[in-house]
Amino acid sequence: MDIEPTAADRVVVVGAGQAGADFVAALRMAGHQGPVTLVGEEPGYPYALPPLSKAYLSGKATAEDLHIRPPSMYEQQRIELRTGTRVSAIDRAARHVVLTGGERLAYTRLVLATGGRARRLPAPGLDEAPNVHYLRTLADASAMRHQFVPGARLVVVGGGYVGLEVAAIARRGGLDVTVLEALPRVLARVTAPQVSAFYQRVHTEEGVDIRVGAAVTGFAFAADGSVAAVELKSGERLDTDIVLVGIGLIPHTELAEQAGLAVDNGIVVDEHCRTEDPAVLAIGDCTSHPCGEHGGRRRLESVPNASEQARTAAATVTGNLQPYTAIPWFWSDQYNVKLKTTGLSAGYDDVVIRGTTDTGRSFAAFYLKDGQVRAADVISSPRDFTAARKLVAARARVDPETLKDLSLPLKHLL
Ligand SMILES: Cc1cc2nc3c(=O)[nH]c(=O)nc-3n(C[C@H](O)[C@H](O)[C@H](O)COP(=O)(O)OP(=O)(O)OC[C@H]3O[C@@H](n4cnc5c(N)ncnc54)[C@H](O)[C@@H]3O)c2cc1C
């Protein structure tokens with residue numbers, strides 16, 4: 001049964017990242033008048049993560065540039081911001097969260113926006129090595145940025161978006177970069193083989209040594225505990241100065257699990273961001289939510305998803321239910337290549353390339369299922385992206401030959 005909203009509702013948010021910060025702003029916009037507390041473990045104002053592998057890492061952005069909302073917003077909107085504060089438990093019976101140290105905060109509605117942590121490589125000594133990095137927080141990026149000096153050797157373990165973005169920034173900064181991907185191609189879980197091949201070409205052109213099918217078997221340590229070399233299954237040993245491990249994310253679901261809420265690769269929520277307890281919602285990277293398009297459930301790691309779920313949850317808390325139906329999208333910047341993805345490609349049965357992936361740096365890959373356009377990766381073509389979004393939203397049936405025809409503007413296919 002749902003909770004009838006009142007002006008006195010006390011809303012507590014756990015996690016002051018993208019989803020948490022967007023939620024408190026959306027909640028005030030939606031008209032909620034009662035007390036709102038945003039609790040975050042990290043110090044400082046909520047900040048955006050995408051620049052950590054882009055402008056912040058390259059030194060073009062400062063920590064202040066990363067703020068999701070102007071710091072003045074929290075006071076103006078009467079948001080009690082409690083950063084540097086960790087929630088250690090949820091007492092659902094009492095409707096309290098328990099902070100580390102024992103203080104309790106009462107809630108009418110609790111929103112879990114706890115994100116996740118970088119998946120670690122389970123190798124002895126690696127966590128203590130001062131030149132081994134993971135990238136999930138501003139502190140992680142700051143520690144790595146200091147070591148990015150021209151001529152330094154960087155080994156990136158994992159050919160996903162974060163690893164490739166860091167490789168691009170490092171090359172531009174004059175580092176000597178090797179990317180190790182255990183699977184036969186980079187970005188294997190998220191894009192078509194043609195898009196992977198494109199990125200492998202671009203990075204190779206930029207001077208990155210991209211190795212696919214390259215399994216890491218161990219590390220050699222220097223006397224000071226830092227990693228001196230990465231050992232591969234092939235028997236090869238790559239001497240290095242810096243290592244970045246970018247092998248995915250583990251959602252922070254422990255609080256929900258300990259409170260007896262369902263977790264299935266993320267905190268299980270419905271299309272209104274509600275858990276099975278009507279007083280508890282969850283948003284952002286930590287959630288597993290219904291996937292209207294393909295059936296089943298999905299967990300997305302993107303800013304648009306965090307922001308959209310934040311809006312959905314604000315609507316739920318203010319009693320104006322609006323299901324989360326937005327079509328997912330995502331972006332990635334590497335060198336001068338700007339990727340924008342719309343829709344979800346999972347389950348596609350055909351890929352149509354508009355343009356060429358063998359030369360140049362602009363094309364689009366359309367993912368079709370049963371003849372319908374389900375998703376698209378659009379590289380460095382904002383106009384085509386706008387049209388691709390509409391084709392995906394309409395689940396348009398377009399003849400592949402027409403889709404390929406560069407003489408026909410995409411917008412004419414709508
Ligand atoms: C390097 C990098 C680059 C990225 N680039 C892109 C991109 O180009 N495009 C894109 O769409 N997405 C990108 N993403 C993904 C995107 O940033 C995330 O999907 C988004 O930030 C998720 O927001 P969130 O609020 O769910 O999680 P987060 O932003 O991780 O926030 C969760 C917060 O909760 C806090 N927390 C957790 N547990 C507790 C607790 N018990 N008590 C108190 N606080 C707690 C954490 O400390 C954290 O600050 C990138 C991510 C990274 C790491």
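Nothing fancy with the numbering, it's 1 onward along the sequence. All ligand and atom numbering here is 1-based and tracks the order in the structure. Remember, predicted model here, so these are calculated numbers, not experimental data.
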Trainee: For ligand 1, find out whether one of its N or O atoms is nearer than 3.5 Å to an N or O atom of Ala306.
Mentor: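 Such a contact does not occur with ligand 1.
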
Trainee: Examine the proximity of ligand 1 to His252 and report which part, side chain or backbone, both or neither, has a heavy atom under 4.0 Å away.
Mentor: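 Side chain only; the backbone of His252 stays clear of ligand 1.
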
Trainee: Can a side-chain donor-acceptor contact be found between Asn305 and Ser302 if the only test is distance below 3.5 angstrom?
Mentor: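 Their side chains do not contain a donor-acceptor pair, so the 3.5 Å distance test is not met.
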
Trainee: Which ligand 1 atoms does Thr85 reach within 4.0 Å, using its non-hydrogen atoms?
Mentor: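 The list of qualifying atoms is 43 (C).
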
Trainee: Suppose we measure from atom 52 (C) of ligand 1 to each protein heavy atom; which comes out shortest, and what is that distance?
Mentor: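 Heavy-atom neighbour on the protein nearest atom 52 (C) of ligand 1: Leu49 CB, 3.9 Å.
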
Trainee: Heavy atoms only: which of Val303, Val14, Asp333 is nearest to atom 11 (O) of ligand 1?
Mentor: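 Checking each option, the heavy atom nearest atom 11 (O) of ligand 1 is found in Val303.
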
Trainee: Quick test of your reading of the structure: of Glu42, Gln18, Glu41, Gln309, whose heavy atom lies closest to atom 44 (N) of ligand 1?
Mentor: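 Heavy atom nearest to atom 44 (N) of ligand 1 belongs to Glu41.
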
Trainee: Check ligand 1 against Pro304 and write out every atom of the ligand that is under 4.0 Å from a heavy-atom position of the residue.
Mentor: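 Taking each heavy atom of Pro304 in turn, ligand 1 has 11 (O) under 4.0 Å.
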
Trainee: What protein heavy atom sits nearest atom 42 (N) of ligand 1, and how far off is it?
Mentor: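 Here the nearest protein heavy atom works out to Val87 N, 3.0 Å.
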
Trainee: Atoms of ligand 1 less than 4.0 Å from Ala113 heavy atoms?
Mentor: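 Result: 32 (C), 33 (C), 34 (O).
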
Trainee: Could you tell me if any non-hydrogen atom of Lys54 lies under 4.0 Å from any atom of ligand 1?
Mentor: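 Within the 4.0 Å threshold, so yes.
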
Trainee: Pairs under 3.5 angstrom only: tabulate donor-acceptor contacts from the side chains of residues 17-24 to other protein residues two or more places apart or in another chain.
Mentor:
| residue | atom | partner | partner atom | Å |
| --- | --- | --- | --- | --- |
| Gln18 | NE2 | Asp22 | OD2 | 3.1 |
| Asp22 | OD1 | Arg69 | NH2 | 2.8 |
| Asp22 | OD2 | Ser307 | OG | 2.7 |

Trainee: Checking a contact table here: which protein heavy atom is nearest atom 10 (C) of ligand 1, and how many Å away?
Mentor: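 For this ligand atom, the closest protein heavy atom is Phe330 CE1, 3.4 Å.
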
Trainee: Looking at atom 30 (O) of ligand 1, what's its closest protein heavy atom, distance included?
Mentor: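 In this structure, atom 30 (O) of ligand 1 has Arg136 NH2, 2.7 Å as its nearest protein heavy atom.
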
Trainee: Taking heavy atoms and a distance under 4.0 Å, where does Ser302 meet ligand 1: side chain, backbone, both or neither?
Mentor: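 Both of them.
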
Trainee: Scan side-chain atoms only and decide if Ser332 and Gln334 contain a donor-acceptor pair under the 3.5 Å cut-off.
Mentor: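 Yes.
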
Trainee: Going by atom types alone, do Tyr47 and Glu64 pair a side-chain donor with an acceptor below 3.5 Å?
Mentor: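 On atom types as modelled, these side chains do not qualify, holding no pair under 3.5 Å.
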
Trainee: Can you tell whether the side chains of Arg82 and Glu42 come within less than 4.0 Å, N to carboxylate O?
Mentor: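 Judged by the 4.0 Å cut-off on N to carboxylate O distance, Arg82 and Glu42 do not form a salt bridge.
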
Trainee: To check your reading of the model: name the closest protein heavy atom to atom 7 (C) of ligand 1, its residue, and the distance in Å.
Mentor: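 Here the closest protein heavy atom is Trp331 O, 3.4 Å.
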
Trainee: Can you tell me if Cys286 has a non-hydrogen atom under 4.0 Å from ligand 1?
Mentor: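 The answer is no: ligand 1 sits nowhere under 4.0 Å from a heavy atom of Cys286.
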
Trainee: Output the list of atoms in ligand 1 that are nearer than 4.0 Å to some heavy atom of Gly284, sorted by atom number.
Mentor: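 So the answer, numbered in order with elements, is 26 (O).
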
Trainee: Do Thr342 and Phe385 make a side-chain contact, defined as non-hydrogen atoms from C-beta onward lying under 4.5 Å apart?
Mentor: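 They are in side-chain contact.
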
Trainee: Answer yes when Asp384 and Arg354 have at least one side-chain N-carboxylate O distance shorter than 4.0 Å, and no when they do not.
Mentor: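 Looking at Asp384 and Arg354, the cut-off is met.
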
Trainee: Between Thr275 and Asp277, do the side chains contain a donor N or O and an acceptor N or O under 3.5 Å apart?
Mentor: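 Distance-only check fails for Asp277 and Thr275.
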
Trainee: Which residue and atom name correspond to the protein heavy atom nearest atom 26 (O) of ligand 1, and how close is it?
Mentor: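 Minimum-distance protein heavy atom for atom 26 (O) of ligand 1 reads Asp285 N, 2.9 Å.
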
Trainee: Sorted by first residue and then second, give each side chain to side chain donor-acceptor pair (under 3.5 Å) pair with at least one member in residues 152-164; sequence neighbours left out.
Mentor: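 Every pair satisfying side chain to side chain donor-acceptor pair (under 3.5 Å) with a residue in residues 152-164: Arg153-Asp241.
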
Trainee: If you measure only the distance, is there a donor-acceptor pair under 3.5 Å linking the side chains of His289 and Glu271?
Mentor: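 Result is no, nothing qualifies.
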
Trainee: Given 3.5 Å as the limit, does a donor-acceptor pair link the side chain of Arg86 with the main chain of Glu41, or not?
Mentor: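 Not at all, since once roles are kept as given, no pair shorter than 3.5 Å links the two residues.
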
Trainee: Do we see a donor-acceptor contact under 3.5 Å between the side chains of Asp377 and Thr341?
Mentor: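 Checked: Asp377/Thr341 side chains pair up, N/O donor to acceptor below 3.5 Å.
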
Trainee: Among all protein heavy atoms, pick out the one at the shortest distance from atom 1 (C) of ligand 1; state its residue, atom name and that distance to 0.1 Å.
Mentor: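 Here the nearest protein heavy atom works out to Ser53 OG, 3.6 Å.
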
Trainee: Compute whether any side-chain donor of one residue and acceptor of the other, for Arg10 and Thr108, lie under 3.5 angstrom apart.
Mentor: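 Side-chain D/A pair, Arg10 to Thr108: absent.
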
Trainee: For the residue pair Arg374 / Gln372, report whether a side-chain donor-acceptor contact shorter than 3.5 Å exists.
Mentor: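 Arg374 and Gln372 do have a side-chain donor-acceptor pair below 3.5 Å.
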
Trainee: Indicate, as side chain, backbone, both or neither, the part of Asn305 found under 4.0 angstrom from ligand 1 when only non-hydrogen atoms are considered.
Mentor: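 Neither; no heavy atom under 4.0 Å.
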
Trainee: Around atom 4 (C) of ligand 1, find the nearest protein heavy atom and jot down its residue, atom name and distance.
Mentor: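 I find the closest protein heavy atom is Pro50 CA, 3.5 Å.
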
Trainee: Side chain, backbone, both or neither: which applies to Tyr161 and ligand 1 if a contact is any heavy-atom pair less than 4.0 Å apart?
Mentor: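 No part of Tyr161 comes within reach of ligand 1.
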
Trainee: Within ligand 1, which atoms have a heavy atom of Leu255 less than 4.0 Å away?
Mentor: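 In order of numbering, the contacting atoms are 41 (N).
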
Trainee: Gly116 to ligand 1: N or O pair under 3.5 Å?
Mentor: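 Gly116 vs ligand 1: no N/O contact under 3.5 Å.
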
Trainee: Could you tell me, atom by atom, which parts of ligand 1 come under 4.0 Å of a heavy atom of Glu301?
Mentor: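 The atoms of ligand 1 under 4.0 Å from a heavy atom of Glu301 are 19 (O).
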
